[in-house]
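A short write-up of the structure that comes next.
All of these numbers come straight from a predicted model, not from anything done at the bench.
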Amino acid sequence: MPRGPSKKVAERIARVKEILPALKRAYPQAKCSLDYRTPLQLLVATILSAQSTDVRVNIVTKDLFRKYKSAEDFAGVAQEELETDIRSTGFYRNKATSIRGMARALLDGHGGKVPQTMEELVKLPGVGRKTANVVLGNAFGINVGVTVDTHVTRLANRLKLTDHATDAVKIEQDLMPLVRQEDWALWSHLLIHHGRAICTARNPQCGQCPILAWCPTGKQLLAKPTAK
Ligand code: SF4
């Protein structure tokens with residue numbers, strides 16, 4: 001006989017039923033904050049976003065996407081030239097290597113196009129599950145997972161929606177059953193927006209938080225007597 005969710009997961013699902021609409025109301029425009037027009041552009045932007053901010057990446061890609069328009073362009077540029085073009089996003093040597101290798105792999109195995117499956121995407125140089133989730137969910141509307149970045153990790157823990165402190169793959173496994181598959185991409189956008197706006201790393205604004213009613217950590221923080 002198929003078993004339903006455990007008591008713990010059922011409790012989380014019940015809270016997320018309230019949290020998701022509250023976040024949708026708070027962030028009606030929530031979407032991927034990287035600028036892109038094509039799946040290739042989103043793939044490049046997502047690789048660049050590691051250890052950087054989306055604002056910084058959008059500044060860099062404005063010129064980058066004028067200069068490089070195809071997988072051929074990215075595969076054909078010299079390493080040093082691409083490093084210079086993306087330098088301000090940090091870790092530019094590794095990122096340039098990844099982008100050139102990824103573009104070469106697209107040409108060799110996919111006719112220069114970005115593939116639309118997790119299995120194929122994670123085989124590309126520099127592309128892990130997180131990047132693949134971003135590209136599939138946003139460029140193709142295919143929800144195969146929940147993107148877990150630093151904000152999602154923090155919020156999943158504060159909201160007690162996961163049992164794992166830092167392991168992104170395990171946190172993703174905990175988050176996926178809590179919302180419908182069609183909402184997986186939106187779910188992570190909402191958590192990321194909330195992490196930037198209210199539930200920041202250093203100074204969460206629990207008193208102004210629209211999901212305080214369903215957040216065990218917020219209730220604990222607000223219940224603490226203030227130091228004299
Ligand atoms: Fe974050 Fe506080 Fe809101 Fe909980 S109540 S989600 S800890 S800001």
Side-chain angles (χ1 to χ4, degrees), residues 27-118 120-143 145-153 168 185-186 188-197 200-201:
Y27 310 103
Q29 312 295 339
K31 63 177 181 60
C32 179
S33 49
L34 292 168
D35 293 337
Y36 67 96
R37 292 217 181 100
T38 66
L40 177 63
Q41 288 186 352
L42 182 57
L43 187 46
V44 170
T46 310
I47 290 172
L48 291 177
S49 71
Q51 312 292 325
S52 186
T53 65
D54 291 357
V55 173
R56 165 57 45 200
V57 172
N58 288 341
I59 292 169
V60 169
T61 55
K62 209 169 170 209
D63 291 333
L64 196 74
F65 293 157
R66 271 194 212 120
K67 186 170 173 185
Y68 306 98
K69 298 193 188 307
S70 64
E72 283 92 343
D73 294 343
F74 282 111
V77 64
Q79 173 79 12
E80 297 72 29
E81 186 174 348
L82 187 55
E83 285 179 7
T84 306
D85 290 335
I86 63 171
R87 194 180 192 100
S88 66
T89 67
F91 298 94
Y92 56 91
R93 288 204 178 96
N94 284 346
K95 289 178 183 177
T97 304
S98 292
I99 290 170
R100 291 173 69 243
M102 173 275 289
R104 171 51 50 202
L106 291 186
L107 291 176
D108 291 346
H110 304 280
K113 300 264 181 271
V114 178
Q116 300 191 26
T117 68
M118 177 62 80
E120 292 169 302
L121 277 166
V122 294
K123 286 192 190 131
L124 299 173
V127 179
R129 193 174 164 89
K130 175 175 159 243
T131 299
N133 266 332
V134 171
V135 172
L136 288 170
N138 296 287
F140 297 122
I142 300 169
N143 287 292
V146 175
T147 304
V148 176
D149 73 349
T150 172
H151 298 290
V152 174
T153 299
L186 179 66
S188 64
H189 292 319
L190 290 168
L191 292 173
I192 290 167
H193 275 69
H194 193 52
R196 288 191 180 129
T200 57

Asn143 versus Gly137, closest heavy-atom pair with distance: OD1-CA, 4.4 Å

Straight-line distance of Thr53 OG1 to Leu48 CG, nearest 0.5 Å: 11.5 Å

Side chains of His151 and Leu191 in contact at under 4.5 Å (non-hydrogen atoms): no

Thr97/Gln79 under side chain to side chain contact (heavy atoms under 4.5 Å, CB included): CA gap, chis, key distance, verdict: CA-CA 7 Å; Thr97 304; Gln79 173 79 12; 3.1 Å; yes

Atom pair CE (Met102) and CG (Leu107), whose distance is rounded to the nearest 0.5 Å: 10.0 Å

Enclosure of Lys67 NZ (heavy-atom neighbours >12, cutoff 6.0 Å): yes

Nearest heavy-atom neighbours spanning Pro115 and Phe140: O-CE1, 3.6 Å

Greater than 12 external heavy atoms within 6.0 Å of Phe91's CZ: no

Side-chain heavy atoms of Val148 within contact of Ser188, under 4.5 Å: no

Nearest heavy atoms of Ala71 and Gly112, plus distance in Å: CB-O, 3.8 Å

Test side chain to side chain contact (heavy atoms under 4.5 Å, CB included) applied to Asn133 and Val146, step by step: CA-CA 7 Å; Asn133 266 332; Val146 175; 5.7 Å; no

Point-to-point distance, once rounded to the nearest 0.5 Å, from CG of Asn94 to CD of Gln51: 10.5 Å

pair Leu190-Leu186: side-chain heavy atoms closer than 4.5 Å: yes

Side-chain donor-acceptor pair present, Glu120, Thr117, cut-off under 3.5 Å: yes

Shortest non-hydrogen separation from Asp54 to Ser49 and the atoms involved: OD1-CB, 3.9 Å

Side-chain touch Lys31/Asn138, heavy atoms, less than 4.5 angstrom: no

Cationic N near anionic O, under 4.0 Å, Arg104 to Glu72: no

Side-chain donor/acceptor of Arg100 to backbone N/O of Val77, under 3.5 Å: yes

Non-hydrogen side-chain atoms of Leu40 and Leu106 separated by less than 4.5 Å: yes

Qualifying residue, where the test is side-chain contact (heavy atoms from CB on, under 4.5 Å) with Thr46 and the options are Leu42, Val44, Leu43: Leu42

Derivation of the side chain to side chain contact (heavy atoms under 4.5 Å, CB included) call for Thr131 and Leu121: CA-CA 9 Å; Thr131 299; Leu121 277 166; over 6 Å; no

For Ala103 against Ala75, the heavy-atom pair lying closest together: CB-N, 3.6 Å

Tyr68 and its side-chain hydrogen bond (donor to acceptor under 3.5 Å, both in side chains) partner, picked from Asp73, Asp85, Asp63: Asp85

Modelled atom types, side-chain donor and acceptor of Gln41 and Thr61, under 3.5 Å: no

Rounded distance [0.5 Å steps], CZ in Arg87 versus NZ in Lys95: 13.0 Å

Modelled atom types, side-chain donor and acceptor of Arg196 and Ser33, under 3.5 Å: yes

Nearest heavy-atom neighbours spanning Ser98 and Gly126: OG-CA, 3.5 Å

Rounded distance [0.5 Å steps], CG in Asn58 versus OG1 in Thr89: 12.0 Å

Geometric class of the His193/Tyr27 ring pair [parallel <30°, tilted 30-60°, perpendicular >60°]: tilted

Close side-chain approach of Val135 to Gln116, heavy-atom, < 4.5 Å: no

Close side-chain approach of Asp35 and Phe65, heavy atoms under 4.5 Å: no

Candidate pair His110 and Leu124, rule side chain to side chain contact (heavy atoms under 4.5 Å, CB included), full reasoning: CA-CA 11 Å; His110 304 280; Leu124 299 173; 4.3 Å; yes

Residues in side-chain hydrogen bond (donor to acceptor under 3.5 Å, both in side chains) contact with Arg93, at least two apart in sequence or another chain: none

Leu64 CG to Ile59 CD1 distance, which is reported to the nearest 0.5 Å: 13.5 Å

Close side-chain approach of Leu82 and Ile99, heavy atoms under 4.5 Å: yes

